[in-house]
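Positions are given from 1 along the sequence.
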Amino acid sequence: MGRLDRSWTRPRPTRAQVRTDVLVGLLAAVVSVASVEVFASASGASTGWKGIEAYVWFGICGLALCGRRRFPITVLLVVSAVFIVIGERLLELGVVFTVQMTLFAALYAAWAWSRRPRALWAVTGLVLVGMFGWLVWSLNNGTMGPLGEQTGLLPPKVALVVYSLAINVAYFFGAIAWGQSAYLSARRSALVEDQRERERAVQGLEQQQAVQAERVRIARDLHDVVAHHVSGIGVQAAGAGRLLEARPERAREALTAIETSSRQAVSQMHQIVGLLRSAEEAGPADRGPQPGIADIEALAVTTERPAVVVDVVGAPFPVPDTVGLSLYRVAQEALSNVRRHSGAPSARITLRYLTDSGERPAVEVEVLDDGPTRTAPDEASGGFGLDGIRERAAMHGGIADIGPRPTGGYRVRVRIPVDQEDA
């Protein structure tokens, strides 16, 4: 009974499918009318009332298919009724294959597209009872034509009954089985698509949450850096107050340091406010000093896979603490992706100080591995570290270039412009 389950309601046909059905119905009507002309011309069979009746019934049969997916049960009833009328009034034309194929298509469409299971069962039962009842009546009353002498194991009438019933059982139940198979196939496809939609929705939500969590983490990192500046301002201000009268030169130096630190703190605080749009701040936690650009070289490891080498290109210059922290986190996350997702035996971190481009000075960190990549970073593990890298680059007005290398392996490169006066 599971194969006959009709608990799923199939969506209505699309506009494109309806247009296709209309074209198919028009074509079926033309072919059906043409088949009457060809058969009547070849056999001399009567075409009914005033010579046009057969053309009308066959045309109606074909046109009914215009609504086979939109009104499948109605089409089945119409085609079945026309089929019996043709069999009764135009017996010789009843063998024309076009009307038989039209009935097959209508029964198939009803089981493939009906959205009303009770009506489907009732109409199908009515059609089967009507068709087989009419078939038995026709055989019993000899309307199928004269029978010949017995030459086989079975009497001619018995043989005709057996043959006709077998053909019609295969015909009608074949159409039902084919239509039900199409219905079940459509249901499986819909279930798969629904599952994909749910997975995409869950993945989108997880990505949004992961990106928001990464923003909170970045903001907390920046908070530690800004807090360092503010603490320094407090110390310098206290010293300046004590030295203001006794040693004014030292007090002036302290005030200059306060000015520089406050400008940096305000600039970096703007970055924090822009990043923390709607994130909820967690409780305070004791954390040690945050790493910076100088700590990138400490990521070099040669005793485990992948072996990491760090190169420094260009003359180093002062970099704001927030930029240094973000570049360190970029290199750290890129190496984590190499370990999780790549079979690379080695990786290289290149730290570049760029001052000769004619534009603002910039600092660039690039992490390369020699692959091959087994799985796409972030997708296999459900993480979204690359989004965090892009967030850090965008926060400082920088650029991120992330993706596979043409020669194999993977590359993560982030460039951040630096204002020397803020360093």
Side-chain angles (χ1 to χ4, degrees), residues 13 18 20-114 116 119-141 143-145 164-165 167-179 182:
V18 171
T20 299
D21 287 347
V22 171
L23 294 176
V24 169
L26 293 174
L27 179 61
V30 171
V31 172
S32 295
V33 170
S35 68
V36 172
E37 179 63 25
V38 171
F39 188 82
S41 299
S43 64
S46 171
T47 55
W49 180 73
K50 293 187 178 181
I52 64 170
E53 182 179 3
Y55 300 102
V56 172
W57 290 122
F58 274 73
I60 291 174
C61 219
L63 288 174
L65 294 183
C66 290
R68 68 186 186 92
R69 281 188 278 204
R70 193 174 181 185
F71 308 106
I73 294 179
T74 302
V75 169
L76 176 59
L77 285 171
V78 170
V79 173
S80 299
V82 172
F83 186 91
I84 293 178
V85 169
I86 292 175
E88 281 294 306
R89 293 184 55 80
L90 306 163
L91 178 61
E92 294 178 345
L93 293 176
V95 298
V96 177
F97 76 96
T98 50
V99 70
Q100 296 169 341
M101 295 307 299
T102 302
L103 178 58
F104 185 93
L107 188 56
Y108 161 82
W111 278 84
W113 283 91
S114 175
R116 296 182 294 166
L120 174 65
W121 281 102
V123 170
T124 300
L126 178 63
V127 168
L128 292 179
V129 170
M131 288 295 175
F132 281 97
W134 172 72
L135 177 63
V136 171
W137 181 85
S138 299
L139 293 173
N140 187 56
N141 287 274
T143 56
M144 294 296 181
S164 299
L165 289 178
I167 288 294
N168 282 276
V169 165
Y171 176 85
F172 285 105
F173 287 96
I176 292 173
W178 192 17

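Applying the 6.0 Å contact sphere to CH2 of Trp57 captures no more than 12 heavy atoms from other residues, nucleotides or ligands.
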Q: Check step by step if side chain to side chain contact (heavy atoms under 4.5 Å, CB included) holds for Ile84 and Met131.
A: CA-CA 8 Å; Ile84 293 178; Met131 288 295 175; 4.0 Å; yes
Run the side chain to side chain contact (heavy atoms under 4.5 Å, CB included) test on Thr102 and Val82 for me, step by step, so that the C-alpha distance in whole Å, both residues' side-chain angles and the decisive distance to 0.1 Å come before the verdict.
CA-CA 10 Å; Thr102 302; Val82 172; over 6 Å; no
| How far apart are the C-alpha atoms of Ile60 and Val56, what are their side-chain angles, what is the distance that settles it, and do they pass the side chain to side chain contact (heavy atoms under 4.5 Å, CB included) test? | CA-CA 6 Å; Ile60 291 174; Val56 172; 3.9 Å; yes
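Within the 4.5 Å cutoff, no side-chain heavy atoms of Val36 are placed close to those of Leu90. Between Leu107 and Trp178 there is no side-chain heavy-atom pair separated by less than 4.5 Å. Residues Phe132 and Val169 form a side-chain contact, since some pair of their non-hydrogen atoms from C-beta on lies under 4.5 Å apart. A 4.5 Å side-chain heavy-atom check between Phe83 and Trp134 finds at least one atom pair inside the cut-off.
Of all heavy-atom pairs between Ala109 and Arg68, the closest is CB-O, 3.6 Å. Scanning all heavy atoms of the two residues, the minimum distance from Ala112 to Ala182 falls at CB-CB, 4.0 Å. Considering every non-hydrogen atom in both Val99 and Cys61, the closest pair reads CG2-SG, 3.8 Å. Of all heavy-atom pairs spanning Ser35 and Thr98, the tightest one is OG-OG1, 2.8 Å.
Atom CG in Leu65 sits 10.0 Å away from atom CG in Leu103 (nearest 0.5 Å). The CG atom of Leu165 sits 15.5 Å away from the OH atom of Tyr171 when rounded to the nearest 0.5 Å. Between the CG atom in Leu63 and the CZ atom in Phe58 there is a gap of 13.5 Å [rounded to 0.5 Å]. Annotation: the span from Ser32 atom OG to Ile86 atom CD1 amounts to 8.5 Å, rounded to 0.5 Å. Atoms CH2 and CD, on Trp137 and Glu88 in that order, are 4.5 Å from each other to the nearest 0.5 Å. Leu120 CG to Ile73 CD1: the interatomic distance, rounded to the nearest 0.5 Å, is 5.5 Å.
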